[in-house]
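Each remark here refers to the structure printed beneath this line.
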Amino acid sequence: MSQSIRKGTAGDFQNMKELVGNTEKIMDEWSREQWSSSLQREDVEVFVAEEEGALHGYAVVRLSKKDPVSLTERPTAAITHLCAPSCESQLRQQLVQKCLSWAKQKGAADFSL
């Protein structure tokens, strides 16, 4: 079985809801419209982990503009959502690494989770 991490798509929304066990109503901040909107933003990236077409986890990373008190001009990055089964620590690490790599490519200097 081959597991891969790829960029999220609008079609992943229902599977993401099932993964967090909320098939009827998901957290307010994760409405279908907001999920789709996040996919269109340049300062946000969504990654999903998939195996044989089944979603096993996801992570969302967001860039923030420079902190006014920071000495650097570089943005910061935060992983705002991270979801993977508790038995899948390696999967969580892979999702975090994918987020960090993306943020570094975008010029982020500091990271938070």
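- For residues 96-106, no residue pair satisfies the salt bridge (Lys or Arg N to Asp or Glu O under 4.0 Å) rule, not counting sequence neighbours.
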Show the atom names and distances, to 0.1 Å, of all donor-acceptor pairs under 3.5 Å that link a side chain in residues 39-47 to residues at least two apart or in another chain.
| unit_1 | atom_1 | unit_2 | atom_2 | d |
| --- | --- | --- | --- | --- |
| Arg41 | NE | Asp43 | OD1 | 2.8 |
| Arg41 | NH2 | Asp43 | OD1 | 3.1 |
| Arg41 | NH2 | Asp43 | OD2 | 2.6 |

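- Nearest approach of Pro75 to Gly107, heavy atoms of both residues: CD-O, 3.4 Å.
- With sequence neighbours excluded, the residues forming a side chain to side chain donor-acceptor pair (under 3.5 Å) with Thr9 are Asp12, listed by chain and number.
- Heavy atoms only, all atoms of each residue included: Gly8 and Val48 are closest at CA-CG1, 4.1 Å.
- Once rounded to the nearest 0.5 Å, the distance linking CG of Leu95 with CD of Gln97 reads 10.5 Å.
- Between Leu63 and Ala108 the shortest heavy-atom distance is CD2-CB, 3.9 Å.
- Across Leu91 and Ala84, no two heavy atoms sit closer than the pair CD2-CB, 4.0 Å.
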